[in-house]
Amino acid sequence: MEFQQTPLFQLNLFLALGLPGNASYFRPIFLERGFELYGISPKIITNIQTITASNVSNGLIKLKLFTNPDIMFRSSESKQIIIVECKLSRFPVASEQANQISTILTHKGNEIANYFGFTQPNLWSNIFQIAVSEANGDQTYSVIKELAKNLEDINIRTCDFGVVEIIRKKDGVFLSSINPDQRSVYFENEQVAFLDEDDDPRPLYIIPIDPSIDSGDPYGKLVLRERIRISLVEKIGSNLGFEDFSINIDDIFRSVIPVWDQWLDNNSKKNLKRLISRYINSIITNISRLGSEIYISKMMIICKGNNSIKALKIQHYLLSKEFRTGDIDLISSLQPELSGTDEW
Amino acid sequence: MSTQFAFHKREDLFDYLDDYAFERKQEIDEQNISSNSGLIKSYVLETSLNHNGVDLLKSLKNNGFSIDSGENNDFYIIRNQRGFEGYLEPDLNSRYWYLHSTQHSDKSDKTLQRQISRISQIDRLWLSGDYFYSLWNDFVYPQSPERSIKIKFETESRFENFENEDLFISNMEEDEDEPKLDDEVYKERRVFLTTITETAKKFNKLFPELQKVHPAFKSIKMLRLPASTRGGYEFWSWGKVTHRASSFREGREYIISITKIYSILTELIESALWLKFEANDSNRDFGIQISGAPLIIDFLEPLDHITFKSIIETTFDKGKGPLRLWGNPIWVSDRKVHVYGIDLHMWQQIFLEFTPKHIVAMLPKGTCGNTVHRLITNVQSYIDPNIEVTVAGKDYRTYIEEAFRKMGG
């Protein structure tokens with residue numbers, strides 16, 4: 001499977017770098033620097049004074065009422081926050097992405113700390129990092145510098161910022177900073193994964209899909225397919241010892257996509273829910289043909305009168321090659337919903 | 001041998017088993033073991049976190065067992081239609097249960113492995129080589145340096161030079177503890193089976209050196225804990241205990257202690273590894289907090305490509321072999337495989353990365369921590385005993401040591 005860097009890869013890479021581990025998998029470089037992973041997609045409100053100040057730009061700068069940056073790290077010891085946005089490459093100064101970036105630039109550390117309720121908020125500072133693929137760092141940095149200058153010109157102070165390139169070299173994955181303002185997040189060609197030349201740099205994807213980031217990651221789609229499959233297998237398989245059991249289908253959605261409740265895009269959520277529900281329905285139909293009394297009612301899978309013989313038949317079916325390799329093609333079913341950018 | 005009379009109180013059952021143990025020990029000493037009776041075997045069962053003790057009994061009933069309870073519901077007699085009979089009692093926390101049987105091991109082992117363990121809410125205790133080593137260092141040797149000990153080592157590179165497909169039965173029938181290998185296959189694959197009986201003091205000098213010289217000595221299959229008088233209790237890596245001493249109650253006490261340490265260890269590991277996604281508030285304004293960490297099993301000598309491929313194909317494409325993992329392997333490259341899969345012991349999710357250099361596992365919240373002990377035990381037994389294991393960046397052995405310390409405190 002050919003590797004191409006995508007924002008979803010970047011997100012999952014930063015998650016791998018932010019969790020405890022060792023360098024034989026991915027080096028926990030953020031922990032080494034004293035930062036813990038705070039969360040993904042935190043909602044940060046833009047304060048009223050900043051919004052008001054931007055109005056003098058006569059529409060040139062359109063700040064958002066809030067942002068949901070991709071990842072946030074924090075160090076309670078040094079009282080620093082790192083906000084990371086995953087972008088593949090540079091973007092135009094006049095674009096929706098630029099508005100998002102401009103808004104994030106206005107979030108100062110003490111304001112974020114105060115908003116979230118951290119202790120001693122006035123002592124906190126914020127560093128905003130944009131992650132890009134190799135050779136896009138300099139131009140991205142130029143764009144951000146221009147955005148920052150536009151804000152400064154209308155008397156809106158910005159936070160410190162920098163760009164970090166994710167580079168795949170022969171012997172691994174490296175992080176390399178472009179003109180950062182803060183030494184604590186300066187990556188001077190830091191090796192974060194030790195690989196052979198042909199090795200693929202992808203970590204296990206903790207987040208298989210996040211429409212706010214990316215819908216075009218082919219590996220992410222494979223992961224999504226398998227996560228749907230195993231969520232169903234787990235829920236049914238682990239209950240086969242019981243005569244009667246029920247499963248909440250919403251729990252399956254949450255198990256598949258950890259950010260399910262976080263999704264703001266209701267249309268996309270509805271589409272994916274419909275596709276997953278259709279798949280679940282077909283599996284339940286197949287199981288019922290084996291002789292089990294199993295059906296779906298009001299978002300619940302209900303199974304009654306199960307015994308050891310019926311349970312064994314269901315187990316055999318769930319473990320079969322037919323089920324495992326999928327008689328429902330989720331990839332192409334999902335393709336129309338996930339391939340376009342307008343949906344998201 | 002069927003129970004001749006019913007027990008109403010647990011105390012009466014224990015008295016019976018104590019007498020039984022005493023008689024069997026006499027037979028062992030006289031080298032005159034009756035063919036009609038077996039030694040007492042105890043099996044430590046673990047239920048999944050999502051299902052409590054009441055569910056365990058329901059599951060057993062639903063899978064063909066009859067259950068009679070004692071006076072205070074503090075023990076149960078379970079039977080199946082194939083003549084198995086055993087005595088089941090819950091631990092103080094009903095996550096763990098003890099099943100005692102006086103039947104021959106060919107009946108009791110098979111019932112446990114082929115019937116009880118296949119119930120998705122039930123698994124067994126899995127004692128890794130590191131766990132046994134800590135038990136040796138912290139208890140067996142210091143307590144009984146002059147006593148004779150028995151220790152069994154076993155490892156078999158099941159995935160090397162994989163030629164004979166008949167050896168691997170599907171996931172539904174595999175009996176991983178009783179390999180049915182003929183001589184021809186032994187020539188084609190690395191196997192290490194040895195039993196050492198020696199005084200604890202003498203063996204203690206050799207033990208660390210043996211492990212340095214030959215990593216197969218890290219894969220411990222059985223360790224006998226000496227009894228306070230003669231004989232001892234044999235703890236097997238897959239959760240079975242054979243009583244070869246005159247007191248059932250003493251053996252039971254050992255089992256409870258071992259299980260307690262195991263329980264603490266499992267909870268420490270769950271706390272360190274579980275992938276958790278939590279919203280701090282109902283509006284989810286603060287985003288999703290993520291915590292968790294990977295389990296990393298490093299092979300000190302990378303696997304050759306044939307063995308690596310064999311592990312993936314056997315386990316996932318063919319659904320066979322001892323690991324009992326299930327999922328669709330994603331070949332990210334020809335040397336890296338990702339599986340978002342299921343551990344079939346308790347039908348719980350596990351995310352896996354396989355390379356010739358390591359196995360990485362991530363556990364979604366709710367997946368029992370004994371998945372870790374089981375994976376480590378099976379990797380040492382069937383792939384390569386020469387491994388280093390880190391849990392959330394720390395050596396697995398530090399968690400074992402912490403569990404022993406907490407148990408003592």
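Chain A is the first sequence line, chain B the second, and so forth, proteins listed ahead of strands; every chain is numbered from 1.
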Aromatic contact, A:Tyr205 with B:His338 (centres under 6.0 Å):
no

**Message:** Measuring only between side-chain heavy atoms, which start at C-beta, is B:Phe351 closer than 4.5 Å to A:Ile230?
**Reply:** yes

Checked A:Pro203, A:Gly18, A:Pro208, A:Pro28 vs chain B; the most non-hydrogen pairs under 4.5 Å come from A:Pro203

Under 4.5 Å to a heavy atom of chain A? For B:Pro294 that would be both

Nearest heavy-atom contact between A:Phe242 and B:Asn62 is C-ND2, 3.3 Å

Okay, B:Asp298 and chain A: the region with an atom under 4.5 Å from a heavy atom over there is side chain

When the 4.5 angstrom heavy-atom criterion is applied to B:Leu352 and chain A, the contacting part is backbone

Of all heavy-atom pairs linking B:Gln349 and A:Ser231, the shortest is NE2-OG, 3.5 Å

- prompt: Going by heavy atoms in the side chains, are B:Trp347 and A:Gln315 under 4.5 Å from each other?
  reply: yes

Donor-acceptor pair, distance only, cut-off 3.5 Å: does the side chain of B:Lys336 make one with the backbone of A:Arg202?
yes

With a 4.5 Å cut-off on side-chain heavy atoms, are B:Lys58 and A:Glu243 touching? no

For B:Gln289 and A:Tyr38, the nearest pair of non-hydrogen atoms, with its separation, is CG-O, 3.0 Å

- prompt: Can you find a heavy atom in the side chain of A:Tyr25 that is under 4.5 Å from one in the side chain of B:Leu295?
  reply: no

Residues B:Ile290 and A:Leu15: closest non-hydrogen pair is CD1-CD2, 3.8 Å

Item checked: Validation row: A:Leu319, B:Leu344 side chains within 4.5 angstrom (heavy atoms) -> yes

Open item on the list: Go through it in stages, so that I can follow the logic: the residues are A:Asp196 and B:Lys357, the test is salt bridge (Lys or Arg N to Asp or Glu O under 4.0 Å), and I'd like the CA-CA distance, side-chain angles, deciding distance and then a yes or no.
Closed with: CA-CA 11 Å; A:Asp196 293 331; B:Lys357 293 180 187 169; 3.5 Å; yes

Honestly, the part of B:Asp334 sitting under 4.5 Å from a heavy atom of chain A is neither

